[in-house]
Amino acid sequence: MNRDNPNQEINHKSSPYTRLYEIIRQIPHGKVATYGQIARLTGNFTPRMVGYALAALPEGTDIPWQRVINRQGRISPRSHSGYAELQRHILESEGVRFNTDDQTDLSIFGWRPA
DNA sequence: TCCATGACAAGAG
DNA sequence: GCTCTTGCCATGG
């Protein structure tokens with residue numbers, strides 16, 4: 001995937017992806033949001049698009065991609081292995097706890113925007 | 001242009 | 001509570 005990489009659109013401030021990334025940046029430290037939640041906040045996105053946009057992010061981006069998980073409170077595995085483990089590690093270092101079923105309690109750690 | 005794929009979600013049965 | 005189906009739409013072959 002290397003044609004019109006969405007993160008290049010970050011520099012073009014009128015891109016719909018920009019809005020998506022801006023919202024993700026607003027997720028506070030120690031909290032998590034779901035794909036569907038982000039999608040609804042943008043207004044014109046679908047959860048699949050959110051996942052797709054995040055998959056296109058480069059390493060070392062300032063976007064807190066690790067704070068976006070699925071509706072079940074679990075980390076969605078990507079095609080490239082190893083990242084789910086990394087993501088969980090980062091979240092735990094931020095204070096997010098996972099139970100024995102590898103899922104977080106969204107009623108506690110879920111982000112609730114004003 | 002058509003088809004398959006993908007870090008998902010919500011409704012129906 | 002479960003599984004199955006459908007909606008979503010950008011991207012690549």
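Scope of the values below: all heavy atoms of this structure, side chains included, with no hydrogens, waters or symmetry mates. Here the structure is a predicted model, which means the values were calculated and not measured. Proteins get letters first, then strands, A, B, ... in listed order; numbering begins at 1 in each.
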Separation of atom NE2 in A:His80 from atom P in B:dG6, rounded to whole Å: 16 Å
Base B:dA9 to side chain A:Tyr35, donor-acceptor N/O within 3.5 Å cut-off: no
Parallel, tilted or perpendicular: ring planes of A:Tyr83 versus A:His80, cut at 30 and 60 degrees: tilted
B:dG11 OP1/OP2 closer than 4.0 Å to side-chain N/O of A:Arg71: no
A:Thr46 vs C:dG7: side-chain N/O to OP1/OP2 distance below 4.0 Å: no
Atom-pair distance (OH on A:Tyr52; P on B:dA4), nearest Å: 17 Å
Nucleotide nearest A:Arg78 (side chain, heavy atoms from C-beta), chosen from B:dA10, B:dG6, B:dA7: B:dA7
Gap in Å between the two P atoms, one belonging to B:dA7 and one to C:dG13, rounded: 16 Å
For atom OH of A:Tyr17 and atom P of C:dA10, their distance in whole Å: 7 Å
Neighbour count above 12 (heavy atom, 6.0 Å) for A:Arg74 CZ: yes
Cluster check A:Trp111, A:Phe98: I/L/V/M/F/W/Y, side chain < 4.5 angstrom: no
Nearest to side-chain heavy atoms of A:Met49, which nucleotide of B:dA7, B:dA10, B:dG6: B:dG6
Value in whole Å for how far the P atom of C:dC8 lies from CG of A:Asn70: 21 Å
Touch class at under 4.0 angstrom, heavy-atom based, for A:Arg40 against every strand present: sugar-phosphate
Side chain proximity check, A:Leu106 to A:Arg71, heavy atoms < 4.5 angstrom: yes
From B:dC8, C:dT11, B:dG6, nucleotide with atom closest to A:Pro47 side chain: B:dC8
Between C:dC9 (C1') and A:Leu20 (CG): distance, integer Å: 14 Å
Contacting residues from residues 85-99 of chain A, given that a heavy atom lies under 4.0 angstrom of DNA chain B: A:Gln87
A:Asn99 atom CG, neighbour heavy-atom count above 12 within 6.0 Å: yes
Under 4.0 angstrom between A:Ser79 side-chain N/O and B:dG6 OP1 or OP2: no
Same cluster (ILVMFWY, side-chain, under 4.5 Å), A:Ile63 and A:Ile90: yes
A:Glu85 atom CD, neighbour heavy-atom count above 12 within 6.0 Å: no
Whole-Å distance separating the CZ atom of A:Arg48 from the C1' atom of B:dG6: 5 Å
Euclidean distance, atom CD1 of residue A:Ile24 to atom P of B:dA7 [Å, nearest integer]: 15 Å
Interatomic distance, A:Gln37 CD vs B:dA10 C1' [rounded to whole Å]: 15 Å
